[in-house]
Colleague: 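First, the structure itself, so that you have it in front of you.
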Amino acid sequence: MRRVLAIILAVLMLGSVFGTLIYNLVLPIYASEPDERLSLDTDADSLNIRVGLMYGSNVTVGFEVTTPYGFVVGSVDEHSPELGFVPLWELNIGKISCTVDANLGKTGMTYYKSNTGVAVGGWHAEAGSGMTREQCEELIVKLEPFATSLGVYLIPSYIQGGYRVRVGCYDSASDAEALIAQLAQYDSSLILTAVGSTDTAVSIVDPETDRILFEYDCAGATELGLDSINSPDGSKAYLVTPAQKTYDGIFMFSRYNSAVSVDAGATDGVALTNVIQLSDYIKGVLPYEISNSWPLEAQKAFAICVRSFTLSSLNRHESAYNVDLCNTTHCQVYNGTSRINDTVIRAVDETAGMVMTYDGEIVEAYYSAVSGGVTVSSEDAWGGKIDYLVAVETPWEIFTNHSMGQWTSEVSGSELCEYLRGKGYTTLNGSIADITIDQLAENSTYIYQLTITDIYGSSVTIERSDTIRTALAKYVNSANFVVGKGSVLANITSFDTDSFESTEVVTSTGSSSLTNSAPQSVITSSGVTNVSNVESFSYVTSTGSGKLSYVNSISTPTVIYASDAKNFIFAGKGYGHGVGLSQIGLRDLANQGVAAADMLKLYFTGIEIEDYRS
């Protein structure tokens, strides 16, 4: 039985006797030049970021949004550091669709581009140019009686930085020109033009009536934004998607056009970006990446981690999609406000502005679900040495409590060959005959190099742990595994959590002694220290008082057999890339009373916790 100390002693020393260690910084893998937003004079976490909700080949011709009390239509300048929203118009309607500006057909409530069976026309008569809002409203009042008599409606529009009024909705230029002739009889002083669709314009449509409510086209200099009108009592109202996800902030709609997209050929649709304050974004990430029921200290630590990753990753998808971050695991899972509770709010508010830094720069704070007892360095996972992302043992992590903490899978050699060929390993031509682990990552049980050989002797050698994980993603949850044909010898871990022993500690006035003569691994801020056959051990923590607890872990060598002796069987631990922080590890540390800052310093070597504005 292995007795491992599961409370971390972050020896952040009190006073000059202890001091603070400083290390040199290596910039994160995805880091770029510091973003202008970081230098804005703002309150903590009030800067705006852009999160892609629908982008690339996932854009659609129309996207429906609801809100209880109506919409504020506005303009977003995504080229300015402030990402400011300027109100332009109000729509007292609870549901709209933002669509491309084109002739649109409709099936059910779904719009599509079509020149037959047109439900929403892309041609209009247009009056006015560069008007103010007041002038636009006056012109609408003036034209309303005649438009009604002709059976057409008026569309307030914001085009090239000024207001205009568009009249009627047609599927051809000739119909729009015929309307212009009729309008000229009403008022010969009107300057009218037939206008059609462009590849930068967005329309706001009532999906119940197919009537255009507003049109916007500033050729990409600014983009259409939507905010929700708050309730009559002033309480916040939110924007709601068809999937019933609720979002704070602004919805920014812009045209996304691609001659050839990755997944679906030609793409033309409206991209949806959530422009949101950093604090609200973190609150929308935290309960989807971890549980909103976890202890406050775990959520505080994770809030610092999310903030650090976000600020070090601004503009990560700028070149492809004009957003800072996506809303998936590629960046961070972000699904809006639905799971935010009081603990989430406290965790974010009580850590406002706090990030991890290394040599004064914000850390790119990678994390995964569960590491399986040890992490892996960024160098061995992806290449590129980063001093604060090295492999560390995580004996406090009760990884078997995670559904993917310890796992097995089985596959035939023929199926595995077909799968790997589909992944691009086309030198493999027949059933897989052998899989050899050539090299482990440094100070880790994650695999650094793996060779796979088929029955004809052809082989591929895969290097770097995360490349191995993704190559075998159908069968492994991490690169922390062993593999065999027919059977495999694996160390199966179990935890005895019913026999915890504990000792209360106080550090602000001195240190207490831990009495235990059994061999043990003691975790300190400088690493793992093995202590054997001692009667007492003095320690210091940074948080005043806490609880020291022991986790008894048992590692049992076990032969695991495949259901078919010809099949390969994988037995592994952990879920994800394994670099940086383990989310489950945070929970386990918090359950033992460890403070947020101390948790993070275990996973990220040599970091400090600072306010990013300083």
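In this chain, numbering begins with 1 at the start of the sequence shown.
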Colleague: Quick one: does any side-chain atom of S308 pair with a main-chain N or O of V363 as donor and acceptor, under 3.5 Å?
Modeller: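 Such a contact is absent between S308 side chain and V363 backbone.
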
Colleague: With no hydrogens and no angle check, just 3.5 Å: does a side-chain donor-acceptor pair link E379 and Y448?
Modeller: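 No.
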
Colleague: Measure the shortest side-chain to side-chain distance between L602 and V392 over non-hydrogen atoms and say whether it is less than 4.5 angstrom.
Modeller: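 They are not in side-chain contact.
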
Colleague: Find the distance between CG (N567) and CD1 (I432) and round it off to the nearest 0.5 Å.
Modeller: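 Reported value, rounded in 0.5 Å steps: 12.5 Å.
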
Colleague: Would the number of heavy atoms belonging to other residues, nucleotides or ligands and lying under 6.0 Å from CD of E418 be above 12?
Modeller: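 It does not: E418 CD has 12 such atoms or fewer within range.
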
Colleague: Ignoring hydrogens and geometry, is there a side-chain-to-backbone donor-acceptor pair from E442 to S377 under 3.5 Å?
Modeller: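 No; judged by distance alone, with no hydrogens or angles, the pair does not exist.
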
Colleague: With a 4.5 Å limit on heavy-atom distance, are the side chains of L286 and N292 in contact?
Modeller: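 Answer no - side chains too far apart.
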
Colleague: Decide if atom CD of E350 counts as having more than 12 heavy atoms of other residues, nucleotides or ligands within a radius under 6.0 Å.
Modeller: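 More than 12 heavy atoms, drawn from other residues, nucleotides or ligands, come within 6.0 Å of this atom.
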
Colleague: Assert yes or no for the condition that the ring centre distance of W382 to Y366 is strictly below 6.0 Å.
Modeller: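 Between Y366 and W382, which both carry aromatic rings, the centre distance is below 6.0 Å.
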
Colleague: Work out which heavy atom in G413 is nearest to a heavy atom in F568; give both atom names and the distance.
Modeller: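 Shortest heavy-atom separation between G413 and F568 comes out as CA-CE1, 4.2 Å.
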
Colleague: Ring centroid separation for Y334 and Y247, is it under 6.0 angstrom?
Modeller: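 Yes; Y247 has its ring centre under 6.0 Å from that of Y334.
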
Colleague: Rounded to the nearest 0.5 Å, what separates atom OG in S312 from atom CG in D35?
Modeller: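 It is 11.5 Å, given to the nearest 0.5 Å.
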
Colleague: Can you tell me which residue pairs pass the salt bridge (Lys or Arg N to Asp or Glu O under 4.0 Å) test with a partner in residues 283-292, sequence neighbours excluded?
Modeller: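 Passing the test, one end in residues 283-292: K283-D349.
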
Colleague: Given 3.5 Å as the limit, does a donor-acceptor pair link the side chain of T436 with the main chain of D438, or not?
Modeller: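 Flag not set: sc T436 to bb D438 has no pair under 3.5 Å.
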
Colleague: Could you tell me whether the side chain of Q583 and the main chain of V370 form a donor-acceptor pair under 3.5 Å?
Modeller: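 Flag not set: sc Q583 to bb V370 has no pair under 3.5 Å.
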
Colleague: Taking the basic N atoms (NZ, or NE/NH1/NH2) and the acidic carboxylate oxygens, is any pair closer than 4.0 Å for R469 and D466?
Modeller: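 Result for this pair is yes, salt bridge flagged.
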
Colleague: What verdict does the side-chain contact (heavy atoms from CB on, under 4.5 Å) test give for I345 and I340, after you've listed the backbone C-alpha separation in whole Å, the side-chain angles of each residue and the deciding distance to 0.1 Å?
Modeller: CA-CA 7 Å; I345 294 170; I340 297 173; 3.7 Å; yes

Colleague: On a heavy-atom basis, which atom in Q244 and which in S338 lie closest, and how many Å separate them?
Modeller: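 Taking Q244 first and S338 second, the nearest heavy atoms are O-OG, 4.4 Å.
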
Colleague: Are I554 and S494 packed together at the side-chain level, in the sense that at least one heavy-atom pair is separated by less than 4.5 angstrom?
Modeller: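 Yes; the side chains approach each other to less than 4.5 Å.
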
Colleague: Is a side-chain donor-acceptor pair under 3.5 Å present for T427 with S458?
Modeller: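 Not at all, the side chains of S458 and T427 share no donor-acceptor pair under 3.5 Å.
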
Colleague: Scan K474, R421, K566 and name whichever one has a salt bridge (charged side-chain N to carboxylate O under 4.0 Å, His left out) with E415.
Modeller: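 For E415, the salt bridge (charged side-chain N to carboxylate O under 4.0 Å, His left out) check succeeds only for K474.
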
Colleague: Taking T394 for its side chain and G373 for its backbone only, find out whether a donor-acceptor pair lies under 3.5 Å.
Modeller: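 Side chain of T394 to backbone of G373, a donor-acceptor pair under 3.5 Å: yes, one is there.
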
Colleague: Does any part of the side chain of H317, heavy atoms only, come nearer than 4.5 Å to the side chain of H330, both counted from C-beta?
Modeller: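 With C-beta onward as the side chain, the pair touches.
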
Colleague: Rounded to the nearest 0.5 Å, how far does CD1 of I435 lie from CG of L472?
Modeller: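 Separation between the atoms: 7.0 Å.
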
Colleague: If you compare all heavy atoms of Y112 against all heavy atoms of V61, which two are closest, and at what distance to 0.1 Å?
Modeller: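 That closest heavy-atom pairing would be CA-CG1, 4.0 Å.
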
Colleague: What verdict does the side-chain hydrogen bond (donor to acceptor under 3.5 Å, both in side chains) test give for Q332 and Y281, after you've listed the backbone C-alpha separation in whole Å, the side-chain angles of each residue and the deciding distance to 0.1 Å?
Modeller: CA-CA 10 Å; Q332 299 177 120; Y281 168 69; 3.0 Å; yes

Colleague: Locate the shortest heavy-atom distance separating V488 from A571; write the atom from each residue and the value.
Modeller: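 Closest pair (atom of V488, atom of A571, distance): CG1-CB, 4.2 Å.
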
Colleague: Hey, can you tell me if Y419 and Y475 have their rings parallel, tilted or perpendicular (30° and 60° cut-offs)?
Modeller: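 Perpendicular.
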
Colleague: Return yes if some donor-acceptor pair links the side-chain N/O of S478 with the main-chain N/O of K573 below 3.5 Å, else return no.
Modeller: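 Confirmed, S478 side chain pairs with K573 backbone.
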
Colleague: Could you check, using the six-membered ring where one of them is a Trp, whether F399 and Y575 have ring centers closer than 6.0 angstrom?
Modeller: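 Ring-ring flag for F399/Y575: false, centres at least 6.0 Å apart.
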
Colleague: Tell me whether T357 contacts the main-chain N or O of G360 through its side chain, where contact means a donor paired with an acceptor under 3.5 Å.
Modeller: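 No: the side chain of T357 does not pair with the backbone of G360.
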
Colleague: Carefully, step by step, assess M54 and T60 under the rule side-chain contact (heavy atoms from CB on, under 4.5 Å).
Modeller: CA-CA 8 Å; M54 298 288 288; T60 56; 4.0 Å; yes

Colleague: When rounded to the nearest 0.5 angstrom, what is the spacing between CG in D564 and CD1 in I569?
Modeller: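 Going from CG on D564 over to CD1 on I569, the span is 11.0 Å.
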
Colleague: Salt bridge (charged side-chain N to carboxylate O under 4.0 Å, His left out) with E318: which residues, sequence neighbours excluded?
Modeller: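 Result, salt bridge (charged side-chain N to carboxylate O under 4.0 Å, His left out) vs E318: R50.
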
Colleague: Contact between V483 and V476 at the side-chain level, heavy atoms closer than 4.5 Å - yes or no?
Modeller: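 When only atoms from C-beta onward are counted, V476 and V483 do not touch, as no gap falls below 4.5 Å.
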
Colleague: Please check if the side chain of T328 supplies one atom and the backbone of C326 the other of a donor-acceptor pair under 3.5 Å.
Modeller: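 Not at all, since once roles are kept as given, no pair shorter than 3.5 Å links the two residues.
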
Colleague: Do L325 and L314 have side chains that get closer than 4.5 Å, going by heavy atoms?
Modeller: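 Contact flag for L325/L314 side chains = no.
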
Colleague: In terms of relative ring orientation, are Y603 and W396 parallel, tilted or perpendicular, with 30° and 60° separating the classes?
Modeller: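 It falls in the perpendicular class, over 60°.
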
Colleague: Using side-chain contact (heavy atoms from CB on, under 4.5 Å) as the criterion, point out the one residue from I282, V306, I304, I609 that pairs with T351.
Modeller: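 One option only clears the test, and that one is I304.
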
Colleague: If we ignore hydrogens and angles and just use 3.5 Å, is the side chain of N274 paired with the main-chain N or O of V51 as donor and acceptor?
Modeller: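 No.
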
Colleague: Who are the salt bridge (charged side-chain N to carboxylate O under 4.0 Å, His left out) partners of R339, not counting sequence neighbours?
Modeller: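 Residues passing salt bridge (charged side-chain N to carboxylate O under 4.0 Å, His left out) with R339: none at all.
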
Colleague: Mind checking whether F570 and T408 have side chains closer than 4.5 Å, heavy atoms only?
Modeller: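 No, their side chains stay 4.5 Å or more apart.
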
Colleague: Show, in sequence, the C-alpha distance, side-chain angles and deciding distance for R316 and D324, and conclude whether the side-chain contact (heavy atoms from CB on, under 4.5 Å) test is met.
Modeller: CA-CA 5 Å; R316 194 178 193 192; D324 293 306; over 6 Å; no

Colleague: Is it the case that T556 and T558 place a side-chain donor and acceptor less than 3.5 Å from each other?
Modeller: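 Looking only at side-chain atoms, T558 and T556 do not form any donor-acceptor pair under 3.5 Å.
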
Colleague: Would you say the side chain of L586 lies within less than 4.5 Å of the side chain of L581, judging by non-hydrogen atoms?
Modeller: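 Yes - at least one pair of side-chain heavy atoms lies under 4.5 Å apart.
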
Colleague: Before accepting this row, confirm whether a basic side-chain N of the pair E297/K300 lies closer than 4.0 Å to the acidic partner's carboxylate O.
Modeller: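 Salt bridge between E297 and K300, a charged N being under 4.0 Å from a carboxylate O: yes.
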
Colleague: Could you report the tightest heavy-atom contact between T453 and S459, atom names first, then the distance?
Modeller: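 Smallest interatomic distance, heavy atoms only, reads OG1-CB, 3.4 Å.
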
Colleague: How are the rings of F302 and Y367 set relative to one another: parallel (under 30°), tilted (30 to 60°) or perpendicular (over 60°)?
Modeller: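 F302 vs Y367 ring planes: perpendicular.
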
Colleague: Look up atom CG in D380 and atom CD in Q449, then write down how far apart they are to the nearest 0.5 Å.
Modeller: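 That separation rounds to 11.5 Å.
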
Colleague: Do E397 and S582 pass the side-chain hydrogen bond (donor to acceptor under 3.5 Å, both in side chains) test, and can you show the C-alpha distance, the side-chain angles, and the key distance before you say yes or no?
Modeller: CA-CA 8 Å; E397 180 192 60; S582 160; 2.4 Å; yes

Colleague: Ignoring hydrogens and geometry, is there a side-chain-to-backbone donor-acceptor pair from S431 to S414 under 3.5 Å?
Modeller: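 Yes; at least one donor-acceptor contact below 3.5 Å.
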
Colleague: Could you walk me through whether V333 and V285 pass the side-chain contact (heavy atoms from CB on, under 4.5 Å) check?
Modeller: CA-CA 6 Å; V333 176; V285 169; 5.9 Å; no

Colleague: Testing the basics here: between A298 and I290, what is the closest heavy-atom pair and its distance to 0.1 Å?
Modeller: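 The pair with the smallest heavy-atom distance is O-CD1, 4.4 Å.
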
Colleague: When rounded to the nearest 0.5 angstrom, what distance separates CG in L389 from CZ in F604?
Modeller: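 Those atoms lie 6.5 Å apart.
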
